[in-house]
A.B. asks: 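I have a structure here, written as structure tokens, and I will follow up with some questions on it.
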Amino acid sequence: MSQIPAELKYVSSHEWLRTEADGTVTVGITDHAQELLGDVVFVELPKVGVHLAADEQAGVVESVKAASDVYCPVAGEILEVNAELEASPELANSDPYGAGWFFRMRPADAAALDGLMDAAAYASEIGA
């Protein structure tokens with residue numbers, strides 16, 4: 001059974017978002033996504049400073065089973081990427097909501113977060 005932390009927001013492409021105290025957002029892939037992918041062996045992250053549109057490709061995660069795009073859940077600027085994930089991509093499997101985060105960003109419009117799924121809606125989306 002996938003973990004779906006109640007304090008996070010979710011999108012149907014299986015990314016999660018956590019709003020930080022300073023208004024920035026941390027993004028990663030969900031526990032459900034990493035379960036579907038299997039053992040993650042490579043992660044390509046976006047470049048710091050780039051501005052992405054909502055639903056624009058932000059990176060790629062490759063596993064022993066498949067490669068999958070990682071999408072930017074809301075429009076904004078990439079502020080930081082998780083370099084530790086590039087060196088240890090398996091963190092996306094072992095700690096998807098902690099050390100396995102992908103990037104931090106500043107949303108162009110904080111109100112865009114209001115339209116994203118909560119934990120109950122995401123659980124329904126994935127049939128959990």
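Remember, predicted model here, so these are calculated numbers, not experimental data.
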A.B. asks: So, taking the atom named CG in Leu36 and the one named OG in Ser2, what distance separates them when rounded to the nearest 0.5 Å?
C.D. replies: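 If we round to the nearest 0.5 Å, Leu36:CG and Ser2:OG are 7.5 Å apart.
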A.B. asks: Of the options Arg106, Glu77, Glu80, which is the one that meets Thr24 in a side-chain contact (heavy atoms from CB on, under 4.5 Å)?
C.D. replies: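 When Arg106, Glu77, Glu80 are each tested with Thr24, the side-chain contact (heavy atoms from CB on, under 4.5 Å) holds only for Arg106.
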A.B. asks: Between Pro46 and Val81, is any pair of side-chain heavy atoms under 4.5 Å apart?
C.D. replies: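 A side-chain contact exists here, since the closest heavy-atom pair is under 4.5 Å.
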A.B. asks: Consider only side-chain heavy atoms of I, L, V, M, F, W and Y, link residues closer than 4.5 Å, and tell whether Leu52 and Leu85 are in one cluster.
C.D. replies: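 They do share one cluster, since a chain of ILVMFWY contacts under 4.5 Å joins Leu52 to Leu85.
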A.B. asks: In Å and rounded to the nearest 0.5 Å, what is the CG to CG distance from Leu8 to Leu116?
C.D. replies: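 So the gap between those two atoms works out to 11.5 Å.
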A.B. asks: If you apply the rule side-chain contact (heavy atoms from CB on, under 4.5 Å), what do you find for Val25 with Val74, and how did you get there?
C.D. replies: CA-CA 10 Å; Val25 174; Val74 294; 5.6 Å; no
A.B. asks: Which atom pair, heavy atoms only, marks the closest approach of Cys72 to Phe103?
C.D. replies: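 Heavy atoms of Cys72 and Phe103 come nearest at CA-CZ, 4.3 Å.
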A.B. asks: Does the side chain of Val70 reach to within under 4.5 Å of the side chain of Glu15, using non-hydrogen atoms?
C.D. replies: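 With C-beta onward as the side chain, the pair touches.
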A.B. asks: Please list, one pair per line, the donor and acceptor atoms closer than 3.5 Å that link side chains of residues 118-128 to other protein atoms, with sequence neighbours excluded.
C.D. replies:
{"from": "Asp118", "atom 1": "OD1", "to": "Ala120", "atom 2": "N", "distance (Å)": "3.3"}
{"from": "Asp118", "atom 1": "OD1", "to": "Ala121", "atom 2": "N", "distance (Å)": "2.8"}
{"from": "Tyr122", "atom 1": "OH", "to": "His14", "atom 2": "ND1", "distance (Å)": "2.6"}
{"from": "Tyr122", "atom 1": "OH", "to": "Thr30", "atom 2": "OG1", "distance (Å)": "2.9"}

A.B. asks: Taking atom CE of Met105 and atom OG1 of Thr26, what is their separation to the nearest 0.5 Å?
C.D. replies: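 The OG1 atom of Thr26 is 10.5 Å from CE of Met105, to the nearest 0.5 Å.
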A.B. asks: Check for a donor-acceptor pair, side chain of Tyr97 on one end and backbone N or O of Gln3 on the other, with a separation under 3.5 Å.
C.D. replies: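 A pair under 3.5 Å: yes.
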A.B. asks: Please answer whether the main-chain N or O of Trp101 pairs with a side-chain N or O of Asn82 as donor and acceptor at a distance below 3.5 Å.
C.D. replies: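 Between the backbone of Trp101 and the side chain of Asn82 there is a qualifying donor-acceptor contact (under 3.5 Å).
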